Amino acid sequence: MSGEERPAVRQVASRVVYENPWMLVREDEVERLDGSRGLYGVVDKPDFVLVIPEEGDGYHLVEEYRYPIGRRTWSFPQGSAPGRREADPEELARRELAEETGLRAGTLRRLGYLHCAHGTSGQGFTIFVASDLEAGEADREPEEQDMRQKWVSREEFRALVRDGRITDDSTLAAYALLTMDLAG
């Protein structure tokens, strides 16, 4: 492969096994470097954005019931475009922040991009820090009707993590990236 390394696993065939407006699940027949074959299940979901609404010495969080884990948890506002569509990350970040919290960002700074479950999906997310916030009305989707929001100090944020009330890996990864950024 002219200067490129051969992939350790390559797709031989693929079939869609499930599809809905939020995701597509496919089963790929793959071939490994040694020529052996196998199956790989892949969840295709569009990239999403995560917004860290920073104000004073803390952050605005949202809390909602998460059906797959059967409980309410706190996280930074986040989301993707409807219908598995691609969207401009900055526009999407502004829209998600306003929809979920009612806040409008005067300043939106791109912090980075991460993958969230690279063993089963190519989905990733762009992280933004929102500041110079202006309050407004939230405009939540029907799935978010039970959503709550609140401002928490940095210490309260850490306590929510320690108490198991923030368990979202994307929120924790974004916070780690922010902490690294602040440390210089």
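Quick caveat: nothing in here was measured; it's all calculated off a predicted structure.
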- Arg37 bridged to Glu29 by N-O distance under 4.0 Å: yes
- Salt-bridge criterion met for Glu91 and Arg95 (N-O under 4.0 Å): no
- Message: By the definition side chain to side chain contact (heavy atoms under 4.5 Å, CB included), identify the one residue from His60, Gln149, Glu100 that meets it with Pro77.
- Response: Glu100
- Under the 3.5 angstrom rule, does the side chain of Ser121 hit a backbone N or O of Ala117 as a donor-acceptor pair? no
- Any ion pair linking Glu19 and Arg84 (charged N to carboxylate O, less than 4.0 Å)? yes
- Message: Would you compute the distance between atom CZ of Phe157 and atom CD1 of Ile52 and round it to the nearest 0.5 angstrom?
- Response: 8.0 Å
- Asp28 and Leu39: side-chain contact (heavy atoms from CB on, under 4.5 Å), yes or no, with the steps? CA-CA 6 Å; Asp28 292 352; Leu39 293 177; over 6 Å; no
- Assess the pair Phe76 and Phe125: is the distance between their ring centroids shorter than 6.0 Å? no
- For the hydrophobic clusters of this structure (ILVMFWY residues joined by side-chain heavy atoms under 4.5 Å, transitively), does one cluster hold both Leu178 and Trp151? no
- Task: Measure the spacing between CD of Glu54 and CG of Leu111 and express it to the nearest 0.5 Å.
- Result: 9.5 Å
- Item | Full working for side-chain contact (heavy atoms from CB on, under 4.5 Å) between Gln123 and Val43 | CA-CA 8 Å; Gln123 184 184 41; Val43 178; over 6 Å; no
- Item | Short N-O contact, Arg72 and Asp146, less than 4.0 angstrom | yes
- Classify the side-chain pair Asp168/Gln78 by whether it contains a donor and acceptor separated by less than 3.5 Å. yes
- Message: Contact between Arg26 and Asp44 at the side-chain level, heavy atoms closer than 4.5 Å - yes or no?
- Response: yes
- Joint hydrophobic cluster, Leu108 plus Leu61, side-chain heavy atoms closer than 4.5 Å: no
- Message: Check this for me: does any side-chain nitrogen of one of Arg109 and Asp181 sit under 4.0 Å from a carboxylate oxygen of the other?
- Response: yes
- Query: CG of Leu103 to OG of Ser131: how many Å apart, nearest 0.5 Å?
  - Reply: 11.5 Å
- Item | Pairwise distance CD1(Ile166) to CG(Leu160) - rounded to 0.5 angstrom | 4.5 Å
- Query: Are Glu134 and Arg94 close enough, and set up right, to give a salt bridge (charged side-chain N to carboxylate O under 4.0 Å, His left out), and what steps lead you there?
  - Reply: CA-CA 12 Å; Glu134 187 176 309; Arg94 288 185 184 283; over 6 Å; no
- Mind checking the NZ-CH2 spacing from Lys45 to Trp22? Nearest 0.5 Å is all I need. 10.0 Å
- Item | Hydrophobic cluster identity match, Tyr175 and Val161, side-chain contacts under 4.5 Å | yes
- Query: How about Phe48 and Cys116: do any of their side-chain heavy atoms sit closer than 4.5 Å?
  - Reply: yes
- Item | Minimal non-hydrogen separation, Pro53 against Leu97, with atom names | CG-CD1, 3.7 Å
- Message: Could you check whether any side-chain N or O of Glu99 sits under 3.5 Å from a backbone N or O of Glu96, counting only pairs where one atom can act as donor and the other as acceptor?
- Response: no
- Are Lys150 and Tyr59 side-chain neighbours, meaning at least one heavy-atom pair lies under 4.5 Å? no
- Task: Looking only at non-hydrogen atoms, find the nearest pair between Thr171 and Ser75 and report the distance.
- Result: OG1-CB, 3.2 Å
- Atom CH2 of Trp74 and atom CZ of Arg148: how far apart are they, to the nearest 0.5 Å? 7.0 Å
- Message: Looking at every heavy atom in both Thr101 and Ala138, which two are closest together, and how far apart are they?
- Response: C-CB, 4.0 Å
- Item | Which atom of Leu133 lies closest to which atom of Ala105, heavy atoms considered | CD2-CA, 4.0 Å
- Please report the closest heavy-atom contact between Ala173 and Leu114, naming both atoms and the distance. CB-CD1, 3.7 Å
- Message: Can you confirm whether Glu27 sits close enough to Val16 that some side-chain heavy atom of one is under 4.5 Å from a side-chain heavy atom of the other?
- Response: no
- Item | Salt-bridge present (Glu63, Arg165; N to O < 4.0 Å) | yes
- Message: Which heavy atom of Leu182 sits nearest to which heavy atom of Arg154, and what is that distance?
- Response: CD1-NH2, 4.4 Å
- Query: Is it true that a side-chain atom of Ser36 and a backbone atom of Arg32 form a donor plus acceptor pair closer than 3.5 Å?
  - Reply: no
- Could you tell me whether Glu156 and Arg162 make a salt bridge, using a distance below 4.0 angstrom between a side-chain N and a carboxylate O? no
- Is a side-chain donor-acceptor pair under 3.5 Å present for Ser153 with Asp57? no
- Does Val17 belong to the same Ile/Leu/Val/Met/Phe/Trp/Tyr cluster as Met23, with side-chain heavy atoms less than 4.5 Å apart forming each link? yes
- Item | Main-chain N/O of Pro46 paired with Ser80 side-chain donor or acceptor, under 3.5 Å | no
- Query: Going only through I, L, V, M, F, W and Y residues with side-chain contacts under 4.5 Å, is there a path from Leu172 to Val152?
  - Reply: yes
- Looking at residues at least two apart in the chain, or sitting in another chain, which of them share a ring pair (Phe, Tyr, Trp, His ring centres under 6.0 Å) with Phe128? none
- Message: Taking Gly102's backbone N and O only, do any of them form a donor-acceptor pair with Arg104's side chain (distance below 3.5 Å, no angle check)?
- Response: yes
